[in-house]
Amino acid sequence: MEFSRVTRNITIQRDDAGVPHITAQTLDDALYGLGYMHATDRLTQILFARSIASGRAAETIAPREELLETDRFFRRIGLHRNQPRERDYWPEDVQRQVDHYCVGVNDGMKATGSTWPMWAIGFETEAWDPTSVLFIGNLLSFGGLAVSQLENERILIALIQAGGDEGALRELFSDRLEHVDFELIRQARGVKKLSDEALEVLMDLPRLAGSNAWVIDGSRSKSGKPILSSDPHLETNRLPAIWYEAVLKWEGNYAMGATLPGCPLVAVGRTRDVSWGVTYMKGDTTDFFIEDCRRSPEGGWQYRRDTSWVDFQVREELIGRKGQDPQKMRVLENPQGTLEVDPEEQGDGYYLSLAWTGMQPRSGMAIASWLQMLSAQNATEALDVAKACPQPTLCWIVSDANGNIGMQGNGRFPRRRAGFSGLGPVAAWDARNHWQGVVAADQLPRIYNPECGFIATANEDINEPDRPKLVSQTLPDYRKRRIVEVLQEMPEASIEDMQVLQYDLVSLQAREILPFLLPHAPDAIRERLGNWDHRFDPDSTDAVLFQRFYRNTLLEIFGHERGMGPRRTLYLVTRAGFSSMIIAACDAILKKDRSLWWETRDKGEMIRAAGEKALQEKEATWGEFNSFHFTDRFFGGGHVGRLLGFDSPEYPMPGCHATVFQGHVLQTATRESTFAPSYHFVTDMATDEAWTNLPGGPSESRFSWYYKSDVPLWLDGDYKRLFPKEDATTTDLPEESPQTPRP
């Protein structure tokens with residue numbers, strides 16, 4: 001099939017895995033080709049994502065309650081108001097490149113027409129433009145990343161408001177809550193936790209809530225050049241895959257790796273000169289404030305500053321609903337943030353307000369940073385590009401063909417009052433609590449050519465002594481330390497060694513927690529887990545026993561009414577991949593001899609009781625306990641999805657939240673979610689190739705050869721070779737084109 005609407009002198013050819021290789025004279029035309037292929041293979045995905053980011057999902061997709069909830073969420077924060085201005089801040093070359101990409105998307109959209117999901121709901125297309133690109137970028141920055149910070153802060157507020165013991169909670173989040181007034185928080189209104197259904201909509205977005213990335217220099221590699229490995233972790237069982245692989249070639253250069261449909265960026269990849277991977281820093285760029293609100297004598301709403309009262313700025317949002325009347329929503333805001341709820345509903349009092357640095361001007365420069373990475377000629381330039389990226393908060397791992405390696409943190413962090421962590425809300429009427437600008441980029445962490453010969457990052461707490469505190473959550477570092485442990489034992493590593501490490505299933509958490517639990521455990525558990533290798537293999541029954549023993553221990557110790565409560569604790573500990581802040585904090589407490597959490601109870605007796613309960617459960621393998629199905633984002637689930645083959649057979653998920661291969665399965669009331677490596681990328685700078693796999697394929701069509709072409713590789717731990725082919729000489733797609741069949 002020919003590309004009838006291609007308007008550039010480019011060639012496009014798929015390799016055996018369906019990955020498009022786009023050859024052009026200029027980078028502008030190569031980006032045009034990328035946009036064309038994003039629309040060809042992922043049109044539904046990018047159009048639906050734009051609807052969500054712009055707060056128009058219920059209007060354009062369906063008037064379902066979870067879509068209305070996400071619309072209200074995004075419209076309240078106001079992303080849709082800021083995007084048009086951000087393009088003007090881009091340098092001219094970036095504006096030009098994005099424009100060329102958008103032309104490619106629109107040409108591909110015209111050639112593709114309506115996909116099955118679009119036809120089924122009567123979705124009407126609108127042209128792709130730079131604002132659309134910014135919307136997709138903000139889905140990654142806010143909907144995909146900052147939301148995880150917000151949800152953890154909401155969890156903390158909920159724990160305080162539920163009446164949990166103040167001393168025990170301060171111990172649980174040691175050195176993070178000194179500035180927090182518990183009594184004031186208990187009076188605040190507006191804790192609007194997102195529902196599971198709304199969170200699942202957001203989970204479809206690229207949420208780098210967990211990731212691994214590391215790089216070794218030539219002194220530690222068999223080739224004598226750096227080897228870089230990166231695997232971002234997010235929702236993996238819903239097809240099509242989040243990422244879209246592509247190879248771009250222009251003017252003697254190339255770029256290849258995982259691109260984000262709807263954006264002209266390569267999130268993980270390489271050029272001839274440099275390679276890069278990223279992990280989410282989990283940096284805190286959001287804060288809740290508490291506003292003292294009252295109705296003014298004129299009938300409006302005001303907030304207090306010291307002893308004065310000031311009128312809120314008010315905007316009206318009209319939220320459309322497909323086939324129904326729109327809903328009106330009033331939003332109250334001031335320079336410190338946006339109220340979580342309208343006080344009209346509950347009257348005078350204290351209310352929570354939300355602030356995010358991503359709402360500040362020039363946040364859209366993140367798109368420019370990703371594009372500028374394609375032109376970096378060495379690791380130093382790549383690190384400087386990363387440092388200038390305003391959002392989201394990431395740790396970039398880079399290497400270059402000259403043998404240099406480095407790491408750079410990025411993000412726009414608020415400068416808070418001394419001693420304030422940002423984890424708990426503070427009074428907005430005290431001006432000393434307001435943000436005092438942002439942290440200078442030179443204060444962000446940076447490593448260049450370390451003596452040890454390697455750098456690794458895996459969402460660990462990256463705060464440095466005598467530097468601004470960038471991370472407010474308690475974060476586990478099990479995966480980071482396991483990666484370091486293995487790398488230290490590899491004097492001459494190969495590509496194959498890095499691939500094996502990406503599938504490593506040893507849990508340092510289990511290894512380190514068990515010595516504190518086993519002395520109190522029933523004999524049967526001591527005998528079995530005392531000799532366990534701490535691996536979460538699919539055929540392991542000991543992994544299941546440990547997980548049940550550990551889960552029940554947390555319920556016994558932290559689930560009492562004056563703690564976190566039994567239901568809330570169960571909710572949190574069964575979402576280990578999504579509530580790592582709580583898990584890390586609990587693990588630190590378990591290792592202590594004395595704690596307020598068992599001041600009036602016997603720690604050993606609680607652990608023994610937890611073990612007895614674990615032994616009463618039916619034995620199972622980890623693969624049975626932690627299994628999942630691949631399903632289609634648009635038609636999967638339910639009787640129709642199974643009948644038409646949109647749901648896969650059951651597969652075992654290896655690993656857990658504490659292993660390098662972070663395999664976590666969560667079953668909610670409505671569907672099954674997973675949390676695992678969404679892309680595996682390994683590259684040696686001695687060659688012009690990379691080795692990759694992902695849980696999916698290029699196409700979003702269930703009827704395409706390329707819908708899940710990489711799934712067997714991802715499941716088996718095998719990799720395909722990605723390289724800039726020299727023989728791409730045709731603008732034809734192969735006969736097994738992944739074009740979506742027309743209804």
Side-chain angles (χ1 to χ4, degrees), residues 1 14-20 36-52 57 60-62 64 108-109 111-123 125 200-201 203-206 234-246 258-262 627-651 653 670-674 676 678-679 693-716 720 733-743:
M1 175 182 176
R14 295 188 189 274
D15 61 22
D16 292 341
V19 176
Y36 190 99
M37 294 310 297
H38 280 172
T40 298
D41 286 340
R42 301 290 187 88
L43 183 58
T44 317
Q45 182 180 1
I46 67 174
L47 291 177
F48 283 18
R50 179 177 64 180
S51 291
I52 293 170
T60 60
I61 301 174
R64 300 201 307 267
M109 192 184 306
T112 301
S114 289
T115 64
W116 272 32
M118 293 163 60
W119 171 82
I121 65 171
F123 188 92
T125 61
E200 286 167 2
V201 173
M203 272 190 257
D204 281 345
L205 312 175
L234 46 84
E235 173 93 357
T236 54
N237 67 312
R238 296 192 47 168
L239 300 175
I242 288 291
W243 306 112
Y244 181 87
E245 281 191 295
T259 72
L260 179 62
S627 61
F628 74 102
H629 304 79
F630 285 106
T631 187
D632 188 83
R633 292 181 190 278
F634 315 119
F635 291 117
H639 177 72
V640 175
R642 291 189 293 272
L643 183 65
L644 297 179
F646 287 102
D647 294 345
S648 77
E650 188 174 54
Y651 292 104
M653 176 70 81
T670 57
R671 74 171 178 89
E672 188 178 72
S673 301
T674 59
S678 63
Y679 186 57
N693 67 46
L694 75 163
S699 176
E700 69 179 23
S701 170
R702 153 77 176 80
F703 304 101
S704 166
W705 288 100
Y706 304 133
Y707 178 60
K708 51 183 179 181
S709 51
D710 255 35
V711 166
L713 300 178
W714 187 83
L715 290 171
D716 295 337
K720 66 181 182 299
L733 284 171
E735 290 301 319
E736 61 272 20
S737 165
Q739 297 295 306
T740 304
R742 299 295 186 269

Chemist: Nearest 0.5 Å please: distance from the CZ atom of R42 over to the CD1 atom of I242.
Modeler: 8.0 Å
Chemist: Does the side-chain contact (heavy atoms from CB on, under 4.5 Å) test come out yes or no for S673 and E235, once each step is laid out?
Modeler: CA-CA 7 Å; S673 301; E235 173 93 357; 3.6 Å; yes
Chemist: For L715, enumerate each residue passing the side-chain contact (heavy atoms from CB on, under 4.5 Å) test, keeping only those at least two apart in sequence or located in another chain.
Modeler: F628, F630, Y651, V711
Chemist: Got a donor-acceptor contact below 3.5 angstrom from the R14 side chain to the P20 backbone?
Modeler: no
Chemist: Looking only at non-hydrogen atoms, find the nearest pair between G696 and L239 and report the distance.
Modeler: CA-CD2, 3.7 Å
Chemist: Would you check if there is a donor-acceptor pair between the side chains of T236 and T674 at a distance under 3.5 Å?
Modeler: yes
Chemist: Kindly say whether Y244 contributes a backbone atom to a donor-acceptor pair with the side chain of T259 at under 3.5 angstrom?
Modeler: yes
Chemist: Decide, yes or no, whether a salt bridge links D632 with K708 under the criterion of side-chain N to carboxylate O below 4.0 Å.
Modeler: no
Chemist: So L47 and M109, side-chain contact (heavy atoms from CB on, under 4.5 Å) or not? Walk me through it.
Modeler: CA-CA 10 Å; L47 291 177; M109 192 184 306; 4.1 Å; yes
Chemist: Evaluate the side-chain proximity of Y36 to T112: yes if any heavy-atom separation is below 4.5 Å, no if none is.
Modeler: no
Chemist: Who passes side-chain contact (heavy atoms from CB on, under 4.5 Å) against S51, sequence neighbours left out?
Modeler: T60, I61, F123
Chemist: Hey, does the side chain of S709 reach the backbone of A17 with a donor-acceptor pair shorter than 3.5 angstrom?
Modeler: yes
Chemist: Indicate the atoms forming the closest heavy-atom contact of W243 with S678, along with that distance.
Modeler: NE1-OG, 2.9 Å
Chemist: Considering residues, nucleotides and ligands other than D16, do more than 12 of their heavy atoms fall under 6.0 Å from its CG?
Modeler: no
Chemist: Hey, are K720 and E245 close enough for a salt bridge, meaning a charged N less than 4.0 Å from a carboxylate O?
Modeler: yes
Chemist: Rounded to the nearest 0.5 Å, what's the gap from CZ on R633 to CZ on R238? Could you check?
Modeler: 6.0 Å
Chemist: Grab the two heavy atoms, one from M118 and one from G113, that are nearest each other, plus how far apart they are.
Modeler: CE-O, 4.3 Å
Chemist: If every non-hydrogen atom of A39 is compared with every non-hydrogen atom of G108, which pair is closest and at what distance?
Modeler: CB-C, 3.6 Å
Chemist: Do L43 and H38 pass the side-chain contact (heavy atoms from CB on, under 4.5 Å) test, and can you show the C-alpha distance, the side-chain angles, and the key distance before you say yes or no?
Modeler: CA-CA 7 Å; L43 183 58; H38 280 172; over 6 Å; no
Chemist: Checking D710 side chain against L694 main chain: does a donor-acceptor pair fall under 3.5 Å?
Modeler: yes
Chemist: If you measure only the distance, is there a donor-acceptor pair under 3.5 Å linking the side chains of D41 and S699?
Modeler: no
Chemist: If the test is ring pair (Phe, Tyr, Trp, His ring centres under 6.0 Å), which one of F48, W116, Y707 qualifies with F634?
Modeler: F48
Chemist: Measure from the side-chain N and O atoms of Q45 to the backbone N and O of E700, and report whether any donor-acceptor pair falls under 3.5 Å.
Modeler: no
Chemist: With distance as the sole test, does R50 use its side chain to make a donor-acceptor pair with the main-chain N or O of G262 at under 3.5 Å?
Modeler: no
